[in-house]
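So the structure is just underneath, and the comments pick up after that.
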Amino acid sequence: MKRLLISLLFFCCALSSAMAVNIYVAPNGADSNDGSIEKPFATLNRALRKARDLRRLNDASIKEDIHIILRGGHYQVLETIVIRPEDSGTRESATYIEAAQNEQPVLSGGVQISNWKKLITPVNGLQKKMQSQIWVADVPLVNGNAFNFRQLWVNDVKAVRAKSSNGDTMLRIVNWNKAEAACVIPTLAFQNLDKANGLELFIHQWWEIANLRVKKVQVMGDSTKLFFHQPESNIQNEHPWPAPWISKETGNSAFCLTNAIQFLDEPGEWFLDVANKKIYYWPRSNENLATAKVVAPFTETLIRVEGTIDAPVENLVIDGVSFQHTGWLRPSLQGHVPHQAGLYMTEAYRLKPAGTPEKPLLDNQAWVGRQAAAVEMSYAVRTRVKNCSFLHLAATGIDLKKGVQDNMTKKNLFSDIGGTAILAGSYGDEGREIHLPFNPKDEREKCDIIFIENNFITNVTNEDWGTVGIGCGFVSRTSIRYNEIENVSYSGISLGWGWTPSQNMMKDNRIVANKIHHYGKWNYDCAGIYTLSAQPGSVIEDNYIDSIYKSPIAHLPSHWFYIYNDEGSSHFTVKNNWTPSQKYLQNNNGPGNVWSNNGPQVHDSVKQNAGLENRFQYLTASRTPKVGIINEEHNELIELVVKDGQTLDVAKLKQVLAQNNMDSNAIYQWQNHYVIFDKVQDIGVMQGRLQNRFPETEVRVYHDMFYEYSKKKHCSDKTVAKEWEHIILTANLVANEKLQQEYLDYHTTQFQKWPEVSKGFCNADFQQLLLFRNGRQLMLVISIPKGESLDKLNPKTTENNPRVDEWNKIMKKYQEGIKGTKQGETWVFLTQMHD
């Protein structure tokens, strides 16, 4: 009996094995093999063909699942692998593409560049003093041809395409000439840029960037005009949002030129000479090009899951695969002018007069496309992408484009990506104008029931700074939860599209328990979580959002938020989100939004539970360094200057403040100067409202808060008073640009070179000290405990501290009184206007 039982067990095991099939692929395999573990195939394509044949023939071995098992190693993908409806599994027999146990297969679209040599012959355009540092290699042939590329990785560290500004520095444009469709920049100290083939302008504009191919360079003394190729020239010149920023207060748009051999002037930079099939590189100090792995991307999409509306790809699992080294060449062929979230415009222009039947006030129209992705899915049902890594990619990581339903993208690592990590949903790229609601007649077109969870996203959006960590357009019943997002250039999570409160397909979406930090590195008008349009039943809950970078080039330095419900956002419940302050924006929202218990008072358990669940924390081993200053919310400073001999209607001003949820006692006055110092939801909008209400008054915003002392940050005793009083003073900098810069430099380095000054502030129990600047005019805000007086506290700054006296003496040579001060008078006090 025992022998019979053992025989029956053996038979059942053998039957179970016979009802499933394993197809093996290995780097040392051959497509002429049979796909067994002993004789694996060499390519995933061949394995898919075998699986397809097994299903076509209804082979008995597939009654369980088909497992395509990739052995560890490198698989070069020079042609996109397409998974079609014929590759679908069934509910009982799914198709798996998976890593062998404890092994790491890499699908790479890259081509290795080898045989590097030290440059010994002069190269036209290359600066002579740099030639001894440069190495050169031939660009290899791929599929019979040399190829173009925009990225390069050396030992899996991204190199820098040669550019005009070194490091992270950027210059500012002089102007944008719409009449000529030209950008005016300062003339740069590089020779023969007018002869540089392939030159590009990289320009920062509000919440996006643009890559524009330069057609003509016209030098005009100390300024230079740049003209651009089509189609991007028309799009860039005609579309109103986003556009180049021109502002005396905050500086014009930042820019750099790229892709000329003249710019090859620092370690880590490279230049590709497409015509002569040569690549030039200046190695970093730790790189040996004799042994380094140097990879350029060729393939843009590694896997495309491509169903149809009537025959979707079904029951597919991708598990444990690493997707690496993809390219995206469109900016080199047609430029790149994105509207938002990296969606590039194919046509866009201002409406004159404004208005459409759907939106009477709309001032622009645009049609968009989307970046290439390493993995793309269209019309795919019951799919899973898990335990994968997406590394060293030019554009998007994974894109769930259209008709993707019941998808899980979970437990994946996304790092070193030029665009968005995870993109999902319709954005109108099928030809629909972007401001229209999307209500497909056929439910199968919808992206619905999508789970994006427990993914670690770091150092993405590093080429198109306007892309996001996770972006979802028109989606429904989508859950974004337990993800951690860090080191992104713009927003962490963006949900929604259309800018409309009108009914559309979006509903029942959830953003829950995500950890979002170190975002907004370059672009502002951003948030940890950003939404658009009506989304009934949708929830933003239990998220932990912290640490936005202080962008050095932001168009409006205070225009950032932790949560941002933008145009048309409707029917959201926003609750229990931990943020350092309640810096939120609700801009032109629709009805039905409910906000409750958000901010620093939220229980610490929200911070502790947000982000990757404990069992997936191993993904954070790939965390990238944090580089940059962290921004914090502070009171804003707005000045109203009335004409000499006139007075301001203060009662009317207080009414405006109350209407905007501001303190009506936050008004300070000196002669014809009225200053508001308070928290402002959107300082740019507030400036416009004040200008509309007081058209005869000059309304000035002090965007540039260039100095901050804080008792919490700079004193050993970090306890602060519960209530503060603010003393506000104003003066001018002298009318000498060199001295003005010296003054700013002194304050930039004060805490390092003059620590006695902040020590004096600590001794005086100053709670905070802020310095703002608008042109030459300075505003100084000294915050002290309520009930104290500056006359009593200020002498303590110099007690046994002669360096403070020395500091004050030096500062005097940089300052003078504003118009209306007496002779010899510099700083004047503004008086608070109480009810």
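For reference, positions follow the sequence shown, starting with 1.
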query: Is there a side-chain contact (heavy atoms from CB on, under 4.5 Å) between Thr458 and Ser415 once you walk through the steps?
result: CA-CA 5 Å; Thr458 181; Ser415 182; 3.7 Å; yes

task: Apply side-chain hydrogen bond (donor to acceptor under 3.5 Å, both in side chains) to Asn487 and Asn459, showing your working.
output: CA-CA 5 Å; Asn487 276 342; Asn459 185 26; over 6 Å; no

query: Checking side-chain contact (heavy atoms from CB on, under 4.5 Å) for the pair Asn543/Ile511: CA distance, chi angles, key distance, verdict?
result: CA-CA 8 Å; Asn543 298 283; Ile511 302 176; 3.8 Å; yes

query: Should Asp406 and Arg382 be marked as a salt bridge (charged side-chain N to carboxylate O under 4.0 Å, His left out) after you check the CA-CA gap, both sets of side-chain angles, and the distance that decides it?
result: CA-CA 5 Å; Asp406 189 2; Arg382 290 183 298 279; 5.2 Å; no

- prompt: Would Ile235 and Asn237 count as a side-chain contact (heavy atoms from CB on, under 4.5 Å) if you check the C-alpha gap in whole Å, the side-chain angles of each, and the deciding distance to 0.1 Å?
  reply: CA-CA 6 Å; Ile235 294 170; Asn237 201 56; over 6 Å; no

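Under 3.5 Å, the side chains of Asp363 and Trp241 contain a donor-acceptor pair of N or O atoms. Donor-acceptor pairing under 3.5 Å is recorded for the side chains of Asp464 and Gln371. Side-chain contact annotation: His239 with Asn364, donor-acceptor N/O pair under 3.5 Å absent. The closest side-chain donor-acceptor pair between Trp328 and Glu463, if any, does not fall under 3.5 angstrom. The closest side-chain donor-acceptor pair between Tyr96 and Asp319, if any, does not fall under 3.5 angstrom. A side-chain donor-acceptor contact under 3.5 Å links Asn577 and Asn598. A side-chain N or O of Ser569 and one of Thr531 form a donor-acceptor pair less than 3.5 Å apart. Between the side chains of Gln503 and Asn439, at least one donor N or O lies within less than 3.5 Å of an accepting N or O. For the 3.5 Å distance criterion, the side chains of Thr90 and Asn315 fail to qualify, holding no donor opposite an acceptor. Side-chain contact of His517 with Asp546: a donor-acceptor pair under 3.5 Å is absent, judged by distance alone. Between the side chains of Ser491 and Tyr564, no donor-acceptor pair is found at a separation under 3.5 Å.
Using a 4.5 Å heavy-atom threshold, the side chains of Lys410 and Tyr482 count as separate. Residues Ile417 and Ile457 have side chains not in contact (no heavy-atom distance under 4.5 Å, counting atoms from C-beta outward). Looking at heavy atoms from C-beta onward, His435 lies out of side-chain contact with Thr500 at the 4.5 angstrom threshold. Using a 4.5 Å heavy-atom cutoff, the side chains of Val606 and Trp578 are in contact. Looking only at side-chain heavy atoms (C-beta outward), Gln236 and Pro244 come within less than 4.5 Å of each other. Counting only heavy atoms from C-beta outward, the side chains of Glu347 and Glu238 never approach each other to under 4.5 Å. The shortest side-chain heavy-atom distance between Leu556 and Asp525 does not fall under the 4.5 Å cut-off. Two residues are said to be in side-chain contact when any heavy atoms from C-beta on lie closer than 4.5 Å; Ile485 and Asn514 fail this criterion.
Between the Thr383 side chain and the Leu316 main chain, no donor and acceptor come within less than 3.5 Å of each other. The main-chain N or O of Asn509 is found under 3.5 Å from a side-chain atom of Ser538 such that the two form a donor-acceptor pair. Side-chain N or O atoms of Thr301 include one that pairs as donor or acceptor with a backbone N or O of Ala373 at under 3.5 Å.
Sorted by first and then second residue, the pairs that involve residues 432-443 and meet salt bridge (Lys or Arg N to Asp or Glu O under 4.0 Å), not counting sequence neighbours, are Glu430-Arg432, Asp442-Arg444, Glu443-Lys446. The list of salt bridge (Lys or Arg N to Asp or Glu O under 4.0 Å) pairs with a residue in residues 506-523, not counting sequence neighbours, reads Arg510-Glu541. Applying the salt bridge (Lys or Arg N to Asp or Glu O under 4.0 Å) test to pairs two or more places apart or on separate chains, none has a residue in residues 584-595. Sequence neighbours left out, the pairs with a member in residues 397-424 that pass ring pair (Phe, Tyr, Trp, His ring centres under 6.0 Å) are Phe390-Phe414. Sorted by first and then second residue, the salt bridge (Lys or Arg N to Asp or Glu O under 4.0 Å) pairs with a member in residues 596-618 read Glu613-Arg615; sequence neighbours excluded.
For Ser378, there are no side-chain hydrogen bond (donor to acceptor under 3.5 Å, both in side chains) partners, not counting sequence neighbours. Taking Asn692 as the reference, nothing meets the side chain to side chain contact (heavy atoms under 4.5 Å, CB included) condition, with sequence neighbours excluded. Taking Ser389 as the reference, Ser322 meet the side-chain hydrogen bond (donor to acceptor under 3.5 Å, both in side chains) condition, with sequence neighbours excluded. A search for ring pair (Phe, Tyr, Trp, His ring centres under 6.0 Å) contacts involving Phe451 returns nothing, not counting sequence neighbours. In this structure, the ring pair (Phe, Tyr, Trp, His ring centres under 6.0 Å) partners of Tyr549, at least two apart in sequence or on a different chain, are His518.
Between Glu486 and Lys626, at least one side-chain nitrogen of the basic residue sits less than 4.0 Å from a carboxylate oxygen of the acidic one, meeting the salt-bridge criterion.
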For residues 81-89, please give each side-chain donor-acceptor pair under 3.5 Å, one per line with the distance, not counting sequence neighbours.
residue : atom : partner : partner atom : Å
Asp87   : OD1  : Arg52   : NE           : 2.9
Asp87   : OD1  : Arg52   : NH2          : 3.3
Asp87   : OD2  : Arg52   : NH2          : 3.1
Asp87   : OD2  : Arg84   : N            : 2.8
Ser88   : OG   : Pro85   : O            : 2.9
Ser88   : OG   : Pro312  : O            : 3.4
Ser88   : OG   : Glu314  : N            : 2.8

Using residues 352-361 as the side-chain source, report each donor-acceptor pair under 3.5 Å to any protein atom, sequence neighbours left out, with the distance given to one decimal.
residue : atom : partner : partner atom : Å
Thr356  : OG1  : Lys359  : N            : 3.0
Thr356  : OG1  : Lys359  : O            : 3.4
Lys359  : NZ   : Trp499  : O            : 2.4

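Classified by interplanar angle (parallel below 30°, tilted 30° to 60°, perpendicular above 60°), the ring pair Trp595/Tyr584 is tilted.
Partner of Trp206 under the ring pair (Phe, Tyr, Trp, His ring centres under 6.0 Å) criterion, out of Trp245, Trp465, Trp522: Trp245 alone. No option in Ile529, Val468, Leu532, Thr467 other than Val468 meets the side chain to side chain contact (heavy atoms under 4.5 Å, CB included) test with Ser494.
Remark: Phe438 CZ is packed, more than 12 non-hydrogen atoms of other residues, nucleotides or ligands lying under 6.0 Å away.
Here Asn407 contributes atom CG and Ile449 contributes atom CD1; the two are 11.0 Å apart, rounded to the nearest 0.5 Å. To the nearest 0.5 Å, atoms CD1 (Ile452) and SG (Cys472) are separated by 4.0 Å. Note that NZ of Lys402 and CG of Asp429 are 8.0 Å apart. Values are rounded to the nearest 0.5 Å. Residue Tyr490 holds its OH atom at 11.0 Å from OG1 of Thr461, rounded to the nearest 0.5 Å.
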